[in-house]
Amino acid sequence: MKLYLVIPCYNEEAVLSETSKRLRGKYDTLMSAGKISPDSRIVFVNDGSKDKTWEMICDLHKADPVFRGICLSRNKGHQNALMAGLMTVKDECDAAISMDADLQDDINAIDAMVDKYAEGYEVVYGVRSSRKKDTFFKRTTAQGFYKVMKAMGVETVYNHADYRLMSSRALNALSEFDEVNLFLRGIVPMVGFKSTEVTYERGERFAGESKYPLKKMIAFATEGITSMSIKPIRLIATLGMLVFLASIGILIYSIIRYFMNATVPGWAFLAVSIWALGGVQLLAIGVIGEYIGKIYLETKHRPKYIISQYLNDD
Ligand code: UDP
Ligand code: MG
């Protein structure tokens, strides 16, 4: 089986040499066990790094053809870099595994993923059995995020990040999704095919810093929700309905006050009008606004990524 590893890298000079060494070791054991063929490759995607990442990838490729490099023209974010890598290799390999450059996701899970592929699974999700080594902050925000996604009706695999194996066929199906707002964890389950999970323990980043500061995490979570779910529309609509119902309550209240002779002329009419109109407007604005937002994004047809170079064997 021809396996490709796809690894997005953004300013990863601190981890690249160690990562490539460990992956090369894994590659050798898998190959001597006859699980993968010698034409398997390890592909690094440089996501517009500002440090020496690309130079290091070039050196790796020069010294050892097992390593390949794809260089994006600028920083496009984790999801787009991953997509760029997967779409570039989708027709060359039998299956590709995506993983992070910092090897927080245990590379020993690759064996189990390859075995599952041999059993006929086309999508194998890597699932974190524990996150003890993550910081308290990372763990709670991440798990909160999975729960919010679920509440929003988005089908995702709990505690699965972008560490997964996909067959060439699944990747080709994935390429049919040309949405610009990319949230792979939500799209891959939509692709379908026979899928399963393998579990592993999540480790610590052994060098360098997280490339997902709070700002990027919030952007990522917002992207996940707004590109996958229409529940926020319904929430706004629900809010509008509640305000409208409140206006009926106020109507009843003001009739009571009227019979108690405790009203100023015109007060009931004004109070009820404000609440009723507010409710209807909130409902209408919410619904129309969300649709306009969607149309706006769809019409842009921005390219997801632009590849400036592709280092390959010849
Ligand atoms: N990454 C990327 N582009 C970005 C941010 C991150 O390609 O704009 C890559 C990064 O190099 C790493 C992976 O995405 O391989 C996950 O990032 P990180 O390990 O920093 O995230 P965390 O584990 O803290 O969630
Ligand atoms: Mg990490």
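Residue numbers start at 1 and run along the sequence shown. Every number for a ligand or one of its atoms is a count from 1 in the order of the listing.
Excluding waters, the set of protein N, O or S atoms lying under 2.8 Å from the Mg ion (ligand 2) comprises D102 OD2, Q104 OE1.
For Y27, the ring-ring contact (aromatic ring centres under 6.0 Å, His included) criterion is met by no residue, not counting sequence neighbours. Partners of Y158 according to the ring-ring contact (aromatic ring centres under 6.0 Å, His included) rule, which considers only residues two or more places apart in sequence or in another chain, are Y146.
Looking only at side-chain heavy atoms (C-beta outward), V15 and L103 stay at 4.5 Å or farther from each other.
Of all protein heavy atoms, the one lying nearest to atom 22 (P) of ligand 1 is K138 NZ, 3.6 Å. Shortest contact from atom 24 (O) of ligand 1 to any protein heavy atom: S210 OG, 2.5 Å. Scanning all protein heavy atoms for the shortest distance to atom 6 (C) of ligand 1 gives K211 CB, 3.5 Å. Protein heavy atom closest to atom 4 (C) of ligand 1, with residue, atom name and distance, is D47 OD2, 3.4 Å. At the top of the distance list for atom 17 (O) of ligand 1, counting protein heavy atoms only, stands Y212 CD1, 3.8 Å. Protein heavy atom nearest atom 9 (C) of ligand 1, with residue, atom name and distance: P8 O, 3.8 Å. Counting protein heavy atoms only, atom 18 (P) of ligand 1 is closest to R205 NH2, 3.5 Å. The nearest protein atom to atom 1 (N) of ligand 1, hydrogens excluded, is given as Y10 CB, 3.7 Å; this is a heavy-atom distance.
Within the 4.0 Å heavy-atom shell around ligand 1 one finds K216.
In summary, R185 and D162 engage in a salt bridge, as defined by a charged side-chain N under 4.0 Å from a carboxylate O.
Residue pairs that meet the ring pair (Phe, Tyr, Trp, His ring centres under 6.0 Å) test with at least one member in residues 122-143, sequence neighbours left out, are Y125-H160.
On a distance-only criterion, A81 and ligand 1 share no N/O pair closer than 3.5 Å. At a 3.5 angstrom cut-off on N or O pairs, R202 counts as close to ligand 1.
Neither the backbone nor the side chain of V45 has any atom closer than 4.0 Å to an atom of ligand 1 (non-hydrogen atoms only). Counting heavy atoms closer than 4.0 Å to ligand 1, residue C9 contributes backbone atoms (N, CA, C, O) but none from C-beta onward.
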Given the rule in the salt bridge (charged side-chain N to carboxylate O under 4.0 Å, His left out) test, do D28 and K26 qualify, once you have shown the distances and angles that lead to the verdict?
CA-CA 5 Å; D28 290 339; K26 187 88 231 161; over 6 Å; no

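Note that the CD1 atom of I42 and the CZ atom of R24 stand 6.5 Å from one another [nearest 0.5 Å]. Atom-to-atom distance recorded for D59:CG and S17:OG is 11.0 Å, nearest 0.5 angstrom.
In this structure, a donor-acceptor pair under 3.5 Å is present between the side chains of D105 and Y200. Judged by distance alone, the side chains of E209 and N11 never bring a donor and an acceptor atom under 3.5 Å apart.
Distances from atom 19 (O) of ligand 1 to the heavy atoms of D102, N46, N80 show the closest one on D102. In the candidate list E204, M217, E12, E12 is nearest to atom 10 (C) of ligand 1, counting heavy atoms.
You'll find the ring centres of F183 and F220 inside the 6.0 Å limit.
With a 6.0 Å radius and a threshold of 12 heavy atoms from other residues, nucleotides or ligands, F244 has its CZ atom at or below the threshold.
The only member of L311, L60, T53, L5 that meets side chain to side chain contact (heavy atoms under 4.5 Å, CB included) when paired with F44 is L60.
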